[in-house]
Number of protein chains: 2
Amino acid sequence: MKWNELHKEACPVARGLSVVGDRWTMLVLRDCFLGVRRFEQMQERLGITRHVLSDRLRKLETAGVLRRELYQQRPQRYEYRLTERGKALYPMLVSLIDWANAHVPPEGEPSVKLLSRETGDPIAPVLVDANTGKNISHRDVKAVVAE
Amino acid sequence: MKWNELHKEACPVARGLSVVGDRWTMLVLRDCFLGVRRFEQMQERLGITRHVLSDRLRKLETAGVLRRELYQQRPQRYEYRLTERGKALYPMLVSLIDWANAHVPPEGEPSVKLLSRETGDPIAPVLVDANTGKNISHRDVKAVVAE
DNA sequence: ATAGTTAGTTCCATAAAAGAACTTAGTTCG
DNA sequence: CGAACTAAGTTCTTTTATGGAACTAACTAT
């Protein structure tokens, strides 16, 4: 399994990681979900090198996760926004956040948590099967090669 | 934000990625969820270099995601198993799989899908809030620094 | 004309991953 | 007994990716 041929794999984990499975990509996407859209802002917030940020944004655009949008004519300036494909990564991001808050404590520092915008109550994410309404447990699931 | 200080961040995305956010880790964990426990087997299935696999297994053990277990006395041989903390990554893995199956098509090849072990029906994962039972949408959620 | 803004690119040093061979502590086969 | 085999690594060397800082393009504001 080679990194630059991951996208051809039958395994969706491998294919997914070919898009979001590097050191910086999910952090870039986190910022996108927080409403950050511009190069400078991301670069400063993340402390990523400009070079790498530029490369990641291009790759995410190619993968259809972000789109570049002209927000100013002269000089031409583009900002980056999540596409529907990008927004569809939200459950994964939330699952990661939930796991980290439960299992990777932030060494004495405060942590960021997710609250309902409406009620202010904490969110407690669970993954359920839309068909049955039941919690998805790894014991009840099998993986098969389909189609 | 430096890669080897990510675990101190207030942002759970950063902390989570400090554990699972590199090229190989989630693929190793995928194999663990599939029941693969041994070094040789993982190395062969993944095509990861032995060096890197060894390093990742050690880091996952240190992070409390896997535990090493003696399965043979002479010569001493260890296998790797998911801890509770490791198993808690299942929702994230499933979210990734679901996203990739919907958005990263496997170039003509077949893909692996998740089915109910009981009924054989496909699984349709949705992330809901355990408190309200409602779907978690990124518009309804805010992120705040807590505690 | 000089400085500031924004989104990059270029260059070089350092760190991580690929690839292949070697090691350790045994067991099994002939 | 000795040679081959096994499993889980480690040790090299080469290639690739990332970090860090400076530079560029195409403007606008003072």
Evaluation steps, side-chain contact (heavy atoms from CB on, under 4.5 Å), between B:Y71 and B:R37
CA-CA 10 Å; B:Y71 71 89; B:R37 291 176 182 166; over 6 Å; no

Check whether any side-chain N or O of [X] sits under 4.0 Å from OP1 or OP2 of [N], and answer yes or no.
X	N	value
A:Y80	C:dT6	no
A:S54	C:dT9	yes
B:R74	C:dT24	no

Describe the nucleic acid contact of [X] in one word from base, sugar-phosphate, nothing, applying a heavy-atom distance below 4.0 Å.
X	answer
A:R77	base
B:W3	nothing
A:R50	base

Nearest to the side chain of [X], which nucleotide is it out of [options]?
X	options	value
B:F39	D:dA8, C:dG26, D:dC27	D:dA8
A:E40	D:dC27, C:dA17, C:dA7	C:dA7
B:H51	C:dG26, D:dG9, D:dT11	D:dT11
A:W24	D:dC27, C:dA17, D:dT18	D:dT18

With a 4.5 Å cut-off on side-chain heavy-atom distances among I, L, V, M, F, W and Y, is there a chain of contacts connecting B:M92 to A:V128?
no

I'd like to know if the side chain of A:Q72 reaches the main chain of A:P75, judged simply by a donor and an acceptor atom lying under 3.5 Å from each other, with no hydrogens or angles considered.
yes

Report yes or no: does B:Q43 contribute a side-chain atom to a donor-acceptor pair with the main-chain N or O of B:I48 at less than 3.5 Å?
yes

Can you tell me how far [atom2] of [N] sits from [atom1] of [X], to the nearest Å?
X	N	atom1	atom2	answer
B:Q76	C:dT27	CD	C1'	16 Å
A:R58	D:dA17	CZ	P	17 Å
B:E69	D:dA8	CD	P	14 Å
B:M1	D:dT18	CE	C1'	16 Å
B:M42	D:dA8	CE	P	9 Å
A:E79	C:dG8	CD	P	12 Å
B:Y78	C:dA25	OH	C1'	13 Å
B:L70	C:dG26	CG	P	12 Å

Would you call the rings of A:F33 and A:Y90 parallel, tilted or perpendicular if under 30° counts as parallel and over 60° as perpendicular?
tilted

More 5' along DNA chain D: B:R38 or A:T49, using each one's nearest nucleotide?
B:R38

